Q: 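Sharing a structure, written as structure tokens. Questions coming.
Small disclaimer: the values here were computed from a predicted structure and weren't measured. Just so we're on the same page: letters track the sequence lines, and every chain starts at 1.
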Amino acid sequence: MIDIKKIRKEPDHIKEALSIRNDNPDLVDQILALDAQRREWVAQTDALKAERNTLSQLVAKQKAENKSADVSHWVEKSKAIGDQIKANDERLAQLESQQQAIVSLLPNIPSDKVPRGTDENHNVEVRRWGEPRVFDFEPLPHWDLGSNLNMMDFERASKLSGSRFVVLKDKVATLNRALISFMLDVHTREHGYVEVNVPHLVKRESMFATGQLPKFEQEAYRTDPDDFFLIPTAEIFLAGMHRDEILSEKELPLKYVAYSSCYRREAGSYGKDVRGMIRVHQFEKVELVKYTTPETSFDELEKLTADAERILQLLELPYRVVLLCTGDLGFGAALTYDLEVWLPSYQKYREVSSCSNDTDFQARRGNMRYRNAQNKMEFVHTLNGSGLAVGRTLIAVLENYQNPDGSITVPKRLIPYMNSIEIIP
RNA sequence: GGAGAGAUGGCCGAGUGGUCUAAGGCGCACGCCUGGAGAGCGUGUUACGCUAACCCCGUACGUGGGUUCAAAUCCCACUCUCUCCGCCA
């Protein structure tokens, strides 16, 4: 959520921010018009309430002095004011909810460091790590590798659940589990994150706080009675844990890591990545979230990104880091680095992590504050990033570590997590 | 699913119709005191509106509605939390 005061003070800045994000800048004028009206009504209604209070006090005083005093004059006047207050309050509530509805549709303001651009073609590559392997045979895509091993089953997945699902079996299933444990261990033991195990069902307001709602309702799965949402990422929970709380500066930064399944409808991605398990309705992810002070959040984002990168380095998977341009930035993000791993069958780098600084955007929606050194309340900054998307990392391991005979060499660091198996099958 | 209890400031907690934004305590921040720390003393400690900003001032006791001249306080509905029983991985 963007601060209404900021919108009031620098409307042109916000309009600019909206238009470079391919969003509608006219929303700002709508908001300002509503806000001006709203404030006028607040002032007017407050004045009426103050007047009524004075009258009430007069009545009380008169009655205290003389039980039988005639106060009907005051009483009548007060009654009339009361009716007006009631009408005003109704109108005010209306204006408030209208304004709120539009403000909650505004995305975060991009940081100055974000390159301008309309779409992903304007993203800027920041660095590369590792050399894509040169194959002396034709590398297979992961769906062929998995099916040939009889460890990846798309037919049964779609028979039971439909398209965009996958069933992992045998040692590929174990490899998947190995990746999860490995990632969690590195982040908790070496990077100082606290492991959290989260519910996969959350209330509507939790989806609002992190920015998934109201704009992206069609992306989420919802349960019919009870109105729960299946989390599209553990971020919903991690970045919402301290909702309506006041943290102390001493405990910042807070660092959490959670492994969870993620559920996404992938509405509007028809025809995209239809083969394999690159884009499925249910996948697993290890998610990193930090709560920081405003002063340190951008430095902490660099560290968080490095923490995620470390997983790829330890697995010796070649990747690159991309700075997203304004047009490609997510709803709540002020600055985002994507990590993209090399996939031989695609001859391309594909996203395995997205690390963002959401600044105070989520903190405002979720009312998450801290007391600074001057004892003042301030909104915290929240950051999040995948560390990493497990399914896509699994794909990267299969494709990059494949052998001519269709077997898969287990990356060194995963061997202890694979019951010492060094090669699949 | 059945029965009950509760929701007040950063926290605990008092307040059952007017002088209550709200006692008392704790925490925290700042100042005084001190060689330093502690103790002690003093001041402050939410949001919105008004303001260039500060002060002042006004409004606000889970949410919404009702009764009343007047509601934290009485009535109704809702939401959420907790306890017990039942069911259950």
Q: How far, in whole Å, is B:C55 from B:A71 if one measures between their P atoms?
A: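 The same atom, P, in both gives a distance of 29 Å.
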
Q: Heavy atoms only: give me the nearest A:P107-A:I2 pair and the separation to one decimal.
A: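 It is O-CD1, 3.1 Å.
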
Q: Rounding to an integer number of angstrom, what distance separates B:C75 and B:U68 when you compare their P atoms?
A: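 Roughly 16 Å separates the two P atoms.
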
Q: What distance, rounded to whole Å, do you find between the two C1' atoms, one in B:G66 and one in B:U73?
A: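 Nearest-Å result for B:G66 against B:U73 at atom C1': 15 Å.
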
Q: In whole Å, measure the gap between the C1' atoms of B:U16 and B:C74 for me.
A: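 Pairwise C1' distance, B:U16 against B:C74, rounds to 8 Å.
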
Q: Rounded to the nearest 0.5 Å, how far does CG of A:D144 lie from CE of A:M152?
A: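 These two atoms lie 10.5 Å from each other.
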
Q: Which part of the nucleic acid, if any, lies within contact of A:R38, taking any heavy atom under 4.0 Å across all strands shown: a base, the sugar-phosphate backbone alone, or nothing?
A: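 Touches sugar-phosphate only.
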
Q: Give me the distance, rounded to whole Å, that separates B:A37 from B:U51 when you measure between the P atoms they each carry.
A: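 My reading of the P atoms in B:A37 and B:U51 gives 44 Å.
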
Q: Looking for any heavy atom pair under 4.0 Å, which part of the strands does A:R364 touch: base, sugar-phosphate only, or nothing?
A: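 No contact.
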
Q: Rounding to a whole Å, what distance do you find between A:D83:CG and B:G66:P?
A: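 Distance check: A:D83 CG to B:G66 P gives 11 Å.
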
Q: Could you state the atom-to-atom distance from CZ of A:R204 to P of B:C78 in whole Å?
A: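 That distance rounds to 20 Å.
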
Q: In whole angstroms, how far is the C1' atom of B:C50 from the CD atom of A:Q44?
A: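 Value for this atom pair: 15 Å.
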
Q: Think A:K215 forms a cation-pi with A:F331, using NZ or CZ under 6.0 Å from the six-ring centre and within 45 degrees of its axis?
A: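 That pair does not qualify as a cation-pi contact.
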
Q: Can you identify which nucleotide, out of B:C69, B:G58, B:G49, has its nearest atom closest to the A:D46 side chain?
A: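 Closest nucleotide among those given: B:G58.
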
Q: How do A:T45 and A:R369 order along RNA chain B: which one's closest nucleotide is nearer the 5' end?
A: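 The residue mapped nearer the 5' terminus is A:R369.
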
Q: Roughly how far, to the nearest 0.5 Å, is the CG atom of A:L388 from the CZ atom of A:R310?
A: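 Between A:R310 CZ and A:L388 CG, I get 12.5 Å after rounding to 0.5 Å.
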
Q: If I pick the P atom on B:U19 and the same atom on B:A23, what distance separates them, to the nearest angstrom?
A: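 That atom pair is separated by 13 Å.
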
Q: Taking all non-hydrogen atoms of both residues, which atom of A:L34 and which atom of A:I102 are closest, and how far apart?
A: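 Smallest heavy-atom distance, with atoms named: CD1-CD1, 3.9 Å.
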
Q: Quick check: do A:V289 and A:L254 have side-chain heavy atoms less than 4.5 Å from each other?
A: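 Side chain of A:V289 against side chain of A:L254, heavy atoms only: no contact under 4.5 Å found.
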
Q: Tell me the side chain to side chain donor-acceptor pair (under 3.5 Å) pairs involving residues 382-392 of chain A, sequence neighbours left out?
A: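 Passing the test, one end in residues 382-392 of chain A: A:E235-A:N384, A:E287-A:N384, A:Q362-A:T382.
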
Q: Could you pick out which residue, A:K79 or A:K86, lies toward the 5' side of RNA chain B when each is mapped onto its nearest nucleotide?
A: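 The residue mapped nearer the 5' terminus is A:K86.
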
Q: At what distance, to the nearest 0.5 angstrom, does CZ of A:F361 lie from CG of A:D3?
A: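 Interatomic distance, A:F361 CZ to A:D3 CG, rounded to 0.5 Å: 12.5 Å.
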
Q: Could you list, one pair per line, each protein nitrogen or oxygen that sits under 3.5 Å from a nitrogen or oxygen of nucleotides 51-56 of chain B, together with the distance?
A:
none

Q: In whole Å, measure the gap between the P atoms of B:A60 and B:A5 for me.
A: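 Nearest-Å result for B:A60 against B:A5 at atom P: 30 Å.
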
Q: Is the cationic atom of A:R365 (NZ for Lys, CZ for Arg) positioned less than 6.0 Å from the six-membered ring centroid of A:F208 and within 45 degrees of its normal?
A: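 So A:R365 does make the cation-pi contact.
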
Q: If the cut-off is 4.0 Å, is A:N53 near the phosphate of B:A70, judged by side-chain N/O to OP1 or OP2?
A: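 No, outside the criterion.
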
Q: Would you write the dot-bracket representation of RNA chain B, where each base gets (, ), [, ], | or . depending on whether it forms a Watson-Crick or G-U pair under 3.5 Å and with which partner?
A: ((((((((.[[[..)..(.....]]]((((((.......))))))((((.......)))).[[[[[..)....]]]]])))))))....

Q: Output yes when A:E217 and A:R204 qualify as a salt bridge under the 4.0 Å nitrogen-oxygen rule, no when they do not.
A: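 Counted as a salt bridge, because a side-chain N and a carboxylate O are separated by less than 4.0 Å.
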
Q: Look at the side chain of A:R52 and decide which nucleotide, out of B:G49, B:U59, B:A71, has an atom nearest to it.
A: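 The closest nucleotide is B:A71.
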
Q: Given B:A47, B:C69, B:U81, identify the nucleotide with an atom nearest to the side chain of A:S56.
A: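 Closest of the options to the side chain of A:S56: B:C69.
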
Q: Can you find a side chain N or O atom of A:K203 that sits less than 4.0 Å from OP1 or OP2 on B:U79?
A: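 Checking A:K203 against B:U79: no side-chain N or O falls below 4.0 Å of OP1 or OP2.
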
Q: Using the C1' atom as the point on both nucleotides, what is the distance between B:C69 and B:C50, in whole Å?
A: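 Their C1' atoms lie roughly 28 Å apart.
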
